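One structure below.
Predicted model only: the values in this text are computed from it and were never measured. Naming convention: chains lettered A, B, ... in sequence-line order (proteins, then strands); numbering from 1 in each chain.
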Number of protein chains: 2
Amino acid sequence: MSATPAVGRPRAFDEEAVLDRAAEVFWRHGYDGASLSALTSAMGINRPSLYSTFGSKEQLFRRAFARYHEEKLADTRAALDRPTAYAAVRAYLCVSADGLTAGNQPPGCLSIQGGLACAPGNAGISDVLAAGRAGTEAALEERLARAVREGDLPEDTDISGLARFVMALSEGHAVHAAAGASREELQASIDMAMRAVPLRP
Amino acid sequence: MSATPAVGRPRAFDEEAVLDRAAEVFWRHGYDGASLSALTSAMGINRPSLYSTFGSKEQLFRRAFARYHEEKLADTRAALDRPTAYAAVRAYLCVSADGLTAGNQPPGCLSIQGGLACAPGNAGISDVLAAGRAGTEAALEERLARAVREGDLPEDTDISGLARFVMALSEGHAVHAAAGASREELQASIDMAMRAVPLRP
DNA sequence: CACCATGTGTACCGAGCGGTAGACTGGGCC
DNA sequence: GGCCCAGTCTACCGCTCGGTACACATGGTG
């Protein structure tokens with residue numbers, strides 16, 4: 001599907017580039033609100049090309065989201081790679097807030113705007129988004145577990161509770177960003193939140 | 001529209017009761033994902049009754065959401081009516097988490113599942129939801145301002161930042177609840193968050 | 001008890017949905 | 001340079017969408 005075959009007319013578009021355009025439409029309008037016409041028009045290709053390449057609207061979404069999520073997860077892992085849990089959490093929240101308010105993409109987060117609640121036939125969309133968010137939360141929790149091992153957080157820290165807290169906060173920031181909150185407004189919320197992380201630097 | 005006229009065939013349903021059923025459908029499937037067939041079937045009335053009573057799908061949503069939001073806002077105000085900011089914030093987060101995981105209604109929150117991102121023609125839906133959330137955040141901030149006046153919070157507290165932090169957290173909890181998080185899991189996150197509120201009880 | 005304003009039920013509207021058939025296009029390979 | 005085959009294009013499919021026309025049911029009022 002993705003490898004260019006030796007024979008035949010070559011594809012006139014870059015698969016990953018059009019996935020990014022598709023992600024943007026899903027991001028702005030949600031899965032149910034993103035029509036095939038809006039998608040093909042944003043992607044610059046027409047329906048048969050879309051269907052022969054991606055198979056269906058749902059598979060297109062899964063591909064677009066997977067690409068989006070891998071990129072975000074890489075950013076998250078990079079942010080978490082700080083010497084202390086405090087610095088790691090702060091970096092994660094800041095990087096997240098930056099992404100939520102970056103000017104070159106829709107405000108907020110595809111994992112949430114994509115379809116927290118979907119039409120009855122599209123429940124799988126909500127599931128794949130929830131799985132993505134759970135993956136990010138797991139990365140957070142893993143970093144906190146490491147901090148406990150390293151003596152950077154107290155032995156009795158509820159790391160899954162703390163990871164859930166940090167994740168929930170960044171999800172809430174996504175909701176705020178989708179409604180127009182600025183980077184500075186999110187930063188004020190982060191400053192408050194950082195009081196909650198045990199062991200200041 | 002709402003007052004029963006003296007003459008003519010009487011209405012066979014209770015207007016506010018069917019609004020609650022409608023809210024549940026919007027809540028589960030979002031505005032775009034809630035079809036008129038699903039709505040009428042859940043409400044137990046048929047299309048012409050719905051249209052003569054409420055006017056359109058969008059007006060139905062606005063009425064259903066207004067009812068939902070007024071009720072939640074009353075709960076919020078009641079929870080915030082505690083002697084200290086600490087107790088008020090904690091009560092708000094707990095009442096919120098209870099509502100997000102109550103068994104007799106869909107998990108999560110209509111203000112968020114209803115339509116963070118909508119089809120291009122339905123942008124007004126996202127706006128009315130955002131306005132509702134902003135109203136809740138304003139109630140929080142007002143309570144914190146009172147706490148500063150009463151000397152319960154330090155003079156230099158960033159009350160809007162703190163209100164935004166608390167609101168964002170409860171929005172994140174809504175996202176978690178929509179994905180199946182339990183009341184206990186949200187409670188662990190609340191316990192973490194409460195470290196961030198200045199002046200313990 | 002006939003009237004009549006209103007609510008309810010069926011059956012339908014045009015539009016747009018997600019998805020596809022089939023003719024045409026164009027570049028690598030012998 | 002002619003063949004081949006994947007990609008692209010136009011035009012269309014059946015279906016469901018949000019919304020409505022119109023005939024019938026209902027019950028208080030004179």
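In this entry the distance linking CZ of B:Arg47 with C1' of D:dC22 reads 17 Å, nearest Å. Look at CZ on A:Phe54: it is 13 Å from C1' on D:dG7, rounded to the nearest Å. Residue A:Ile125 contributes atom CD1, which lies 13 Å from atom C1' of C:dG18 at whole-angstrom precision. Regarding B:Glu15, its CD atom lies at a distance of 10 Å from the P atom of C:dG7, rounded to whole Å. Here C:dG19 presents its P atom at 9 Å from CG of A:Leu50, a figure rounded to the nearest Å. Counting to the nearest Å, the C1' atom of C:dG16 and the CG atom of B:Asn122 are 13 Å from each other. In this structure, B:Ile45 atom CD1 and D:dT20 atom P are separated by 15 Å, rounded to whole Å.
Each of A:Phe13 and B:Lys57 lies near DNA chain D, and the nucleotide nearest A:Phe13 is the one positioned closer to the 5' end.
Close to D:dG7, at under 4.0 Å from its OP1 or OP2, lies a side-chain N or O of A:Arg11. Phosphate proximity of C:dG7 to B:Ser49: absent, as no side-chain N or O sits under 4.0 Å from OP1 or OP2. A sub-4.0 Å separation between OP1 or OP2 of C:dG19 and a side-chain N or O of A:Tyr51 is present.
Judged purely by atom type and a 3.5 angstrom limit, A:Ser170 uses its side chain to pair as donor or acceptor with the backbone of A:Met167. With hydrogens and angles disregarded, a donor-acceptor distance shorter than 3.5 Å links the side chain of B:Arg143 to the backbone of B:Arg82. A:Lys57 places a side-chain N or O within donor-acceptor distance of the main-chain N or O of A:Ala34, the cut-off being under 3.5 Å.
A heavy atom closer than 4.0 Å to some atom of DNA chain C occurs in A:Ala34, A:Ser35, A:Leu36, A:Ser37, these being the qualifying members of residues 16-37 of chain A.
Using cut-offs of 30° and 60° for the angle between ring planes, the B:Tyr31 and B:Phe61 rings count as perpendicular.
At least one side-chain heavy atom of A:Ser189 sits under 4.5 Å from a side-chain heavy atom of A:His173. Using a 4.5 Å heavy-atom threshold, the side chains of A:Leu39 and A:His29 count as separate. Proximity of A:Cys94 to A:Gln187: side-chain heavy atoms (C-beta onward) are separated by under 4.5 Å at one or more points.
Closest to the side chain of B:Asn46, out of C:dG9, C:dG19, D:dT8, is C:dG9.
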Contact state string [nucleotides 21-30 of chain C, B base, S sugar-phosphate only, - no protein heavy atom under 4.0 Å]:
B---BBSS--
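The local environment of CD in A:Glu142 is crowded, with over 12 non-hydrogen atoms from other residues, nucleotides or ligands closer than 6.0 Å.
A salt bridge is defined here as a Lys NZ or Arg NE, NH1 or NH2 lying under 4.0 Å from an Asp or Glu carboxylate O, and A:Glu141 with A:Arg164 fails to meet this definition.
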